[in-house]
There are 2 protein chains.
Amino acid sequence: MNLSHRVLKAFVELAECRHFTRAAERCHLSQSAFSQLIQRLEQDAGVPMFVRNTRNVSLSAEGALFLERARRLIADMEMSVADLRDHATLRKGRVAVAALPSLAADVVPRAFARFHGKHPGVTLEIFDRLSDACLELVRQERVDFALTAPGPRLAEFQCRLLRSEPFFLVCSPAHPLARRRRVTLRELAGCEFVHMARNSSVRQHVDPLTAGAGVLESSIEIEQLATLAGLIANGLGVSLVPELTLFQFARRDLAVIPLDAPTLRRPLLLVQRKGAVLSAAAAELLAITEEFLARPMPRRKAVS
Amino acid sequence: MNLSHRVLKAFVELAECRHFTRAAERCHLSQSAFSQLIQRLEQDAGVPMFVRNTRNVSLSAEGALFLERARRLIADMEMSVADLRDHATLRKGRVAVAALPSLAADVVPRAFARFHGKHPGVTLEIFDRLSDACLELVRQERVDFALTAPGPRLAEFQCRLLRSEPFFLVCSPAHPLARRRRVTLRELAGCEFVHMARNSSVRQHVDPLTAGAGVLESSIEIEQLATLAGLIANGLGVSLVPELTLFQFARRDLAVIPLDAPTLRRPLLLVQRKGAVLSAAAAELLAITEEFLARPMPRRKAVS
DNA sequence: GTCAATTACGTTCTCCGTAAGGATG
DNA sequence: CATCCTTACGGAGAACGTAATTGAC
């Protein structure tokens, strides 16, 4: 037996108006076709659903029983399809994103705002984590995708490079290099550095660099960019940070100088589970995010 | 959009084996037909359910969402149809009957026993009431049908005569008429009567009769046949009762004599709501009941 | 006699299967 | 190059509509 929405609708319609001709009209069928449809339903079910002569139509006891079921089935079907379409058209849904703190602070919120304006029915979630944690969230299927830097076991994911960004030196305005328009790696020799934690993507890119430059390294290791800014502002060292983190260092008591090292750039990746396909909502959010990533971030003026 | 059981099944099958060829086999379709079926589903829904290339098939985010719904819909459909068929084939159901006490005491229980033996899944209910109450139960749709005698406002029902039964005189063995093999109405003149309540069907038939016969009437009015039997056995009067009640009077201390009044018979009716049609189970129960009504009740010997 | 459901019948259209086409690993 | 999904196409059967038939009031 092959119940369909059409047949159930016809059945309920007839049960309600108890009149083949009228029910047929409501179903946009000829009266004859409608009659045959009901006959097929009864034959398939093996039960007469209606008791009828040419003058009267009424539900049989079994038909009455089935009516409740049919109504519920129709409602469930319509609900399911409506829900599906709502998700496809971004009227409903949920998108969860993992992003590096630097992205979570600015690019992602702006993308969220634009997305939410267009699709207020979709729930958005963000996890601001360091790169390892971002990858773990993808692995656990807790997020649709991650915006992060390369991390361990990257091969088990499906990745795409979204952007790579240059580094900047951040130091106190009193630092010898503070007035320079650009600095090179060599010029950093002898500087005392403060670093982000080892598992931060910034650190992982800066490490090989400073190793070659023979810089002094402090033993301080931190997780928050704001902490780093506070340390540097107080003359406890300098640091190299990628472009997207600069919003944290746009302070009167900090100097920011472009690093002249074209080969050193931090890659920002889109990371998904292998074989996974983004939902319509996630794809749209990603597209918006990429727009904001592509255009250079509006630089807040760093007052020196 | 017109969801059907077939399509939902195909969808779930493909979602589970993620392989068109295998899923098609399980649905007893050619691979091509199956592919087209899925394409139609996606087109109707307006959402790609699967992400596929020639090598891999997997659910899209929206497809995964729909999968749960589809499984539930399929289960509900199958459940509904199975339930319907169970009712039609008497594997499930409920039949409620209202019957006069005289029928409820013997004919109906025997019919119930036979029916229950054949269809143990069907719940049976009986209401043993006087005729007015029987009709009221039909009116309230609390019973599928009633087996009763004519009552007030009978015209609003759909009735069929099942049987009409002769009356018998019940009296004490010490009564002057107790040894007779038959009695006529005339011979009852001067007898003191005890009656069932005015709303009992027995009374309603006996009343016009005794009115013509000029019998003495007691003011006692009762509802239970057993009470009547007790009164008569103790010499407090005689009474006329229809055949099916005789099981109550088959006692050593009572005499039962056929009444010679061929025109006086109590009709037993099948009563339903107008336009109503019996369920399969009710129809079967009625058929069995009619069998037992048709064959003369096994007479228990009345010991005089 | 009229209204309404069913049946008859020719037509349309959906759906299926065979076979060719094309993409992916 | 083998696998496997998609497209092409012709045919079978389901479903539809018009029209005639039957049945109830």
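Note on naming: letters A, B, ... go to the chains in the order of the sequence lines (proteins, then strands), and numbering restarts at 1 for each one.
Every residue was checked against the side-chain hydrogen bond (donor to acceptor under 3.5 Å, both in side chains) condition with A/R129, not counting sequence neighbours, and none meets it. Scored by the side-chain hydrogen bond (donor to acceptor under 3.5 Å, both in side chains) test, A/R26 finds A/E13 as partners (sequence neighbours excluded). With sequence neighbours excluded, no residue forms a side-chain hydrogen bond (donor to acceptor under 3.5 Å, both in side chains) with A/T123.
Residues from residues 49-59 of chain B that place a heavy atom under 4.0 Å from any atom of DNA chain D, listed by number: B/R52, B/N53, B/T54, B/R55, B/V57.
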Using a cut-off of 4.0 Å between protein heavy atoms and nucleotide atoms, how would you tag nucleotides 10-20 of chain D 5' to 3' with B, S and -?
-> -----SBBBB-
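In this structure, B/L41 atom CG and D/dC5 atom P are separated by 17 Å, rounded to whole Å. Atoms CZ (A/F20) and C1' (D/dA24) sit 15 Å apart, rounded to a whole Å. Note: CG (B/L14) to P (D/dC4) measures 14 Å, nearest angstrom.
Extent of DNA chain C lying under 4.0 Å from chain A heavy atoms, first and last nucleotide in 5' to 3' order, is C/dC3 to C/dA8.
A salt bridge links A/R160 to A/E290: at least one charged side-chain nitrogen sits closer than 4.0 Å to a carboxylate oxygen. Here A/R139 pairs with A/E136 in a salt bridge; the nearest charged N to carboxylate O distance falls below 4.0 Å. Between A/R52 and A/E42, at least one side-chain nitrogen of the basic residue sits less than 4.0 Å from a carboxylate oxygen of the acidic one, meeting the salt-bridge criterion. A salt bridge is absent between A/E68 and A/R71; no separation between the charged side-chain nitrogens and carboxylate oxygens falls under 4.0 Å. A salt bridge between A/R153 and A/E156 is present, with a side-chain N of the basic residue lying under 4.0 Å from a carboxylate O of the acidic one.
In this structure, the ring of B/F115 has its center less than 6.0 angstrom from the ring center of B/H119.
At least one donor-acceptor pair closer than 3.5 Å links the side chain of A/S60 to the backbone N or O of A/P48.
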